[in-house]
Amino acid sequence: MLRIATWNVNSLKVRLPHVLDWLRTQRPDILALQETKLSDADFPTLDFAEVGYHAAFSGQKTYNGVAILSRLPAQHLVTDLPELDDPQRRVLAATLGGVRVLNLYVPNGQAVGSDKYLYKLDWLNKLNTWLATELSQHPKLVMLGDFNIAPEDRDVHDPIAWAGQVLCSEPERAAFRQIIAQGLTDTFRLFPQEERSFSWWDYRAAAFRRNLGLRIDHILASSVLADRCHGCRIDTAPRRLERPSDHAPVVAEFNINLN
DNA sequence: ATGGTGGCGCGGCCA
């Protein structure tokens, strides 16, 4: 059995106790983190070793930053999209026990039409090109992380208010569908889910208490793995803690053995 | 209520 999870922690320095507690109780084989906001020299490798996890990371001060925590050591790390010379640390790929894991912190995009939005669309285009290469080399592949895209209206608490806005705009959704069209499956939608299931809630306006959220964190699986997926859920428990991340972890399980 | 909250780091950016 393989249990793999993704969690945008919005500062690993602040959220380290939450992440350590969650690892101790949930025991995933792999946890992909986004928005660590730490330079690599400051990564708390020893704290994770004490609870039985290896750590691979690609970080920077203040912004962005991705990491993979795993029971098995990570091999064949990749930290950049091909053809994108980018100081922003948003990508970490690794192979774990024969499974290729692509951990992403997709750009937010700020507002439709902004420079950051154009950067996001260009980033997603280059991501799609890279995905084709990775899929050709790795039949057992999981792409997961904070996609900053709500793929469908049912992933949005108020689709009318959000129509055409960043995270929901048609070009972003088209880029997501292009990823899916390469043969990946949104594991969350393989199973019956509660209506109004979300993975992110704004800190403002008591959005979590009112469940005014978006589902923008995803675990996508190649066909070999999707056929063996037997569950995917959003764990809202950490979002209820004191000083939480604005995102909840998403967890998927597969009937495969790591080798 | 065109604001609101949170992280970083100490003014303003980013989400």
Side-chain angles (χ1 to χ4, degrees), chain A residues 6-22 32-44 47 57-67 81 84 86-92 103-124 127 144-151 155-169 171-173 175-176 198-218 234-250:
Chain A
T6 180
W7 194 1
N8 179 323
V9 293
N10 185 21
S11 169
L12 184 55
K13 194 171 296 180
V14 174
R15 235 63 69 188
L16 183 60
H18 290 188
V19 176
L20 291 171
D21 282 347
W22 197 80
L33 301 177
Q34 304 85 37
E35 284 205 270
T36 55
K37 300 186 175 179
L38 287 174
S39 59
D40 290 349
D42 295 328
F43 197 89
D47 294 277
F57 39 83
S58 178
Q60 65 185 98
K61 204 162 112 71
T62 310
Y63 299 119
N64 308 310
V66 284
L81 295 178
L84 185 66
D86 189 356
Q88 300 187 37
R89 301 293 80 204
R90 299 181 173 277
V91 171
L92 183 58
N103 176 20
L104 309 178
Y105 176 45
V106 177
N108 173 282
Q110 195 172 57
V112 172
S114 67
D115 286 350
K116 290 188 176 68
Y117 181 78
L118 297 177
Y119 163 69
K120 180 180 193 174
L121 295 183
D122 178 61
W123 198 97
L124 288 166
L127 173 67
L144 79 175
D146 178 357
F147 284 70
N148 270 314
I149 300 171
D155 301 312
V156 181
H157 70 90
D158 185 345
I160 294 171
W162 279 86
Q165 300 295 308
V166 74
L167 314 187
C168 301
S169 75
E172 294 165 82
R173 286 179 168 178
F176 188 86
F198 308 123
S199 66
W200 168 83
W201 303 260
D202 200 302
Y203 283 120
R204 296 166 286 191
F208 179 68
R209 182 178 59 72
R210 300 155 67 198
N211 196 28
L212 307 181
L214 302 177
R215 192 177 71 92
I216 57 177
D217 301 273
H218 307 298
I234 299 167
D235 183 2
T236 56
R239 188 63 176 81
R240 301 172 204 283
L241 300 172
E242 290 288 322
R243 259 191 124 185
S245 170
D246 46 351
H247 296 250
V250 184

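Here is the naming used below: chain letters follow the sequence lines, and residue numbers restart at 1 for every chain.
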Task: Student check: side-chain heavy atoms of A:Phe57 and A:Asp42 closer than 4.5 Å - done: no

Task: A:Ile149 side chain reached by A:Leu124 side chain, heavy atoms, under 4.5 Å - done: yes

- [ ] Please report the closest heavy-atom contact between A:Trp123 and A:Leu84, naming both atoms and the distance.
- [x]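 Where A:Trp123 meets A:Leu84 most closely, the heavy atoms are CD1-CD2, 3.4 Å.
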
Atom-to-atom span, [atom1] of [X] to [atom2] of [N] - whole angstrom:
{"X": "A:Asp115", "N": "B:dA15", "atom1": "CG", "atom2": "C1'", "value": "17 Å"}
{"X": "A:Tyr119", "N": "B:dA15", "atom1": "OH", "atom2": "C1'", "value": "14 Å"}
{"X": "A:Asn148", "N": "B:dC14", "atom1": "CG", "atom2": "P", "value": "14 Å"}
{"X": "A:Asn64", "N": "B:dC13", "atom1": "CG", "atom2": "C1'", "value": "12 Å"}
{"X": "A:Leu214", "N": "B:dA15", "atom1": "CG", "atom2": "P", "value": "15 Å"}
{"X": "A:His247", "N": "B:dA15", "atom1": "NE2", "atom2": "P", "value": "11 Å"}

Please measure how far the [atom1] atom in [N] lies from the corresponding atom in [M], and state the result in whole Å.
{"N": "B:dG9", "M": "B:dC13", "atom1": "P", "answer": "16 Å"}
{"N": "B:dC10", "M": "B:dC14", "atom1": "C1'", "answer": "16 Å"}
{"N": "B:dG3", "M": "B:dA15", "atom1": "C1'", "answer": "16 Å"}

- [ ] From the options A:Val106, A:Asp155, A:Asn148, select the one residue that forms a side chain to side chain contact (heavy atoms under 4.5 Å, CB included) with A:Ile216.
- [x] A:Asn148

Open item on the list: Does either side chain, that of A:Arg90 or that of A:Asn64, offer a donor lying less than 3.5 Å from an acceptor on the other one?
Closed with: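 Present: a donor and an acceptor within the cut-off.
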
- [ ] May I ask you to check whether A:Trp200 and A:Asp146 show a side-chain donor-acceptor distance below 3.5 Å?
- [x] no

Open item on the list: Over all strands shown, is A:Tyr105 touching base, sugar-phosphate only, or nothing at heavy-atom distances under 4.0 angstrom?
Closed with: sugar-phosphate

Task: Contact state string [nucleotides 2-10 of chain B, B base, S sugar-phosphate only, - no protein heavy atom under 4.0 Å] - done: --BBSSSS-

